[in-house]
Structure formats: C-alpha cells, structure tokens
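Reading through the structure tokens given below for one structure.
Start at 1 and go down the list; that is how both ligands and their atoms are numbered. Just so it is clear, the model here is predicted, and its values are computed rather than measured. No hydrogens, no waters, no symmetry mates; every other heavy atom, side chains included, goes into these values.
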Amino acid sequence: MSAADTVLRTEGLTKSFGGVHAVDGATTEFYEGKINGLIGPNGSGKTTFFNCVTGMIRPDSGTVTMHGKDVTRWAPHKIARAGLGRSFQLCRVFPRMTVLENMLVAVQPRTLGEYLGNTRSTETVEKARAMLARVGIDHLEAAEARDISYGQQKLLELGSTLMTDPPFVMLDEPAGGVNPSLIERIALLVRELNDEGTTFLIVEHNMDLIMSLCDHIVVFDRGRPIATGTPDVVKSDPKVLEAYLGV
Ligand SMILES: Nc1ncnc2c1ncn2[C@@H]1O[C@H](COP(=O)(O)OP(=O)(O)O)[C@@H](O)[C@H]1O
Ligand SMILES: [Mg+2]
C-alpha cells in the first residue's frame, strides 16, 4: 500500500517507565479505510502505544504521523479535533449521569442557546437516540450509567465516541470483560461503520476477534512489531505463535 493510504504511521516510537521499555522503537503503519488491528500478549506495550499515539502520554522519542500530519506530542483534544475518535481501555463513562446524558456530553454545544441553557438541540438528542439504538442500548437511555452492566457501559462508550462522527476510531480492548453476545454486537457495528467509511484501529488481546475482524494486523511483542500483514499471514508466523504460546 502507498503512503497516501496511510492513516497512522509511527517511526521509532519509544516510551519507558523507569527501566521498563514499554514501547521500544516501534515503527508501524495503519491504513485508511481498513479495520486495522494491533495485537500482542499482555504487557507487550499495546496500551502505552495507544496512549502515545492519542496524546495521553508523551513518547520519549520517535514520531507519530496521522493523516499525513506530524502530531507527535500534540495534546489529546487537538489530536481528537484532527479527526481521531478514541475509546479507553478502562471504561470511562460518567457513572451518575443517565445513558442519554452520557451521549450528549460527548458533543460540544453548537449554539449559544445550547451553551447557556445547557440544553441540546432536538437534532442532537435524536442523533443520540439513533446511536443508542445502533449500539443496542436505547432501552436503557434513562438508566444511570453506573446501573448498567460493564458490557453495556462499553457499548455506551463506543456510542459516545461515535457521536462526533470521527473518520478514524481507535479502540483499546473493546471486547475486554464483555460477554460473547455483546462482543458479536461490537464486531457487527465495527463492520457496518467500516462499510460506511470509518477507519478503525483496534487494540485487543482477543486474538480470535482480531483475526475475524481485521484487514491488516500488527503483532506486538516487548514493545515493538514482530509481524505485520493479513490475518492469514500473521496467524501462520512462528514468531507470533511463540509470543502467544511461549513455544
Ligand atoms: N504507568 C506505568 N508505569 C510503569 N510501568 C508501566 C506503566 N504503564 C505500563 N507499564 C508497563 O509497560 C509494559 C507495557 O504495558 P502496556 O502498555 O499496558 O501493555 P499491554 O496493553 O500490551 O498489556 C508493562 O510491563 C507494564 O507493566
Ligand atoms: Mg492494554
């Protein structure tokens, strides 16, 4: 694939914590219009990579290029404004707000009336309801977020990420701690949105999910890629089996 198709590129990305080289000179490429996957054993640096790319932590060295722009060390909100939607590995919802309110706070006020009145336009509320229906939790709109299940909170988090129509969405372990039927729902939604043009980078420990969902996969071990390619290519790579199974 050519550079024009690259949505995200890192070069020599490095981040250490004390003596731990969490991300260790990672050079990677992910592609526009694809469902990209980043996979690797626990502790292989996936979340640290994710946090460096989204601006949540500053890399020690290396560069991050998104949509052809060098965004290394940009603040997270600036990167988000440049067209990245993200979700967090740990569920971040506002526990005492209702499900619907959680969807609405994802959207910046668009008019002075909205800003001053802390209300949202009918259009925004309709969009929030439609998105809740899409992620399959519209029946819970009036429930407080703390009262819905962990899997449902992840769906809520995904829905609120999508409220801003990001062209590029990064998800860190969307399936972590989620029951199989909700994982299937997340997978279906990712496929649908990708068909509509959204690019994804999904960071996951769940190898089966990534293998069935992704077009392009990067496998991490000890903070750097050890294999790259289609599911079939990485699945049969002895280095990947070794990293996963320790054989
Ligand atoms: N804030 C931190 N402080 C110290 N060590 C950390 C921190 N975050 C991650 N690490 C270490 O960096 C390594 C990579 O962790 P992480 O990026 O969370 O991996 P993964 O998401 O693949 O499980 C691990 O050894 C982890 O213990
Ligand atoms: Mg992680």
Side-chain angles (χ1 to χ4, degrees), residues 8-30 35-64 66 71-76 79-80 84-93 150-151 153-158 161 168-179 182-183 186-187 190 200-214 216-229 231 234-235 237 239-247:
L8 169 67
R9 180 176 160 76
T10 65
E11 194 140 1
L13 198 67
T14 298
K15 176 71 194 179
S16 301
F17 299 104
V20 179
H21 302 291
V23 177
D24 196 8
T27 294
T28 63
E29 236 174 14
F30 300 97
I35 305 177
N36 301 274
L38 173 62
I39 191 169
N42 279 327
S44 58
K46 304 182 299 296
T47 295
T48 306
F49 176 87
F50 189 99
N51 287 336
C52 286
V53 166
T54 54
M56 297 305 285
I57 58 179
R58 286 172 164 238
D60 300 330
S61 57
T63 57
V64 179
M66 204 175 286
V71 300
T72 319
R73 297 190 181 80
W74 281 25
I79 297 181
L84 172 75
R86 72 161 289 181
S87 150
F88 297 84
Q89 180 170 17
L90 297 172
C91 232
R92 308 266 172 107
V93 295
Y150 182 73
Q153 287 184 19
K154 292 206 106 160
L155 289 168
L156 172 56
E157 192 188 19
L158 177 57
T161 300
F168 178 36
V169 176
M170 284 179 58
L171 304 172
D172 193 2
E173 297 214 11
V178 177
N179 77 46
L182 290 188
I183 291 178
I186 291 171
V190 167
F200 283 90
L201 172 54
I202 301 176
V203 177
E204 252 299 336
H205 181 64
N206 182 329
M207 185 126 125
D208 291 341
L209 178 70
I210 289 283
M211 290 297 167
S212 64
L213 202 53
C214 295
H216 171 76
I217 298 173
V218 172
V219 185
F220 256 34
D221 190 31
R222 290 172 222 177
R224 66 172 73 152
I226 55 163
T228 298
V234 300
K235 224 181 335 195
D237 190 319
K239 290 194 294 298
V240 176
L241 297 174
E242 190 187 322
Y244 263 85
L245 307 170
V247 292

Quiz item: Is it the side chain, the backbone, both or neither of Thr48 that has a heavy atom closer than 4.0 Å to ligand 1?
Solution: both

Practice problem: Using 2.8 Å as a strict upper limit, say whether an N, O or S atom of Thr47 approaches the Mg ion (ligand 2) that closely. | Solution: yes

Exercise. Check each atom of ligand 1 against the heavy atoms of Asn42 and keep those under 4.0 Å away; list them by number with element.
Key: 23 (O)

Quiz item: N/O of Ala22 under 3.5 Å from N/O of ligand 1, yes or no?
Solution: no

Quiz prompt | Stepwise side chain to side chain donor-acceptor pair (under 3.5 Å) check, Thr28 with Thr10 | solution = CA-CA 5 Å; Thr28 63; Thr10 65; 2.7 Å; yes

Quiz item: Atoms of ligand 1 less than 4.0 Å from Val20 heavy atoms?
Solution: 12 (O), 25 (O)

Quiz item: So which of Leu38, Asp24, Thr47, Ile57 gets nearest to atom 21 (O) of ligand 1, if we judge by its closest heavy atom?
Solution: Thr47

Quiz prompt | Student check: side-chain heavy atoms of Phe49 and Val203 closer than 4.5 Å | solution = no

Quiz prompt | Close approach of Gly18 to ligand 1, heavy atoms, under 4.0 angstrom | solution = no

Practice problem: Could you list which atoms of ligand 1 come closer than 4.0 Å to a heavy atom of Pro41? | Solution: 22 (O)

Quiz item: Just by modelled atom types, is the Ala175 backbone N or O under 3.5 Å from a matching donor or acceptor in the Glu173 side chain?
Solution: no

Quiz item: Can you find a non-hydrogen atom of Gly45 under 4.0 Å from ligand 1?
Solution: yes

Quiz item: How far does CD of Gln153 sit from CG of Leu182, to the nearest 0.5 angstrom?
Solution: 12.0 Å

Quiz item: side chain to side chain donor-acceptor pair (under 3.5 Å) between Asp172 and Thr47: does it pass, once the steps are laid out?
Solution: CA-CA 7 Å; Asp172 193 2; Thr47 295; 2.9 Å; yes

Self-check item: Any side-chain heavy-atom pair of Met207 and Ile39 under 4.5 Å
Solution: yes

Quiz item: Does some side-chain heavy atom of Val169 sit less than 4.5 Å from a side-chain heavy atom of Thr161?
Solution: yes

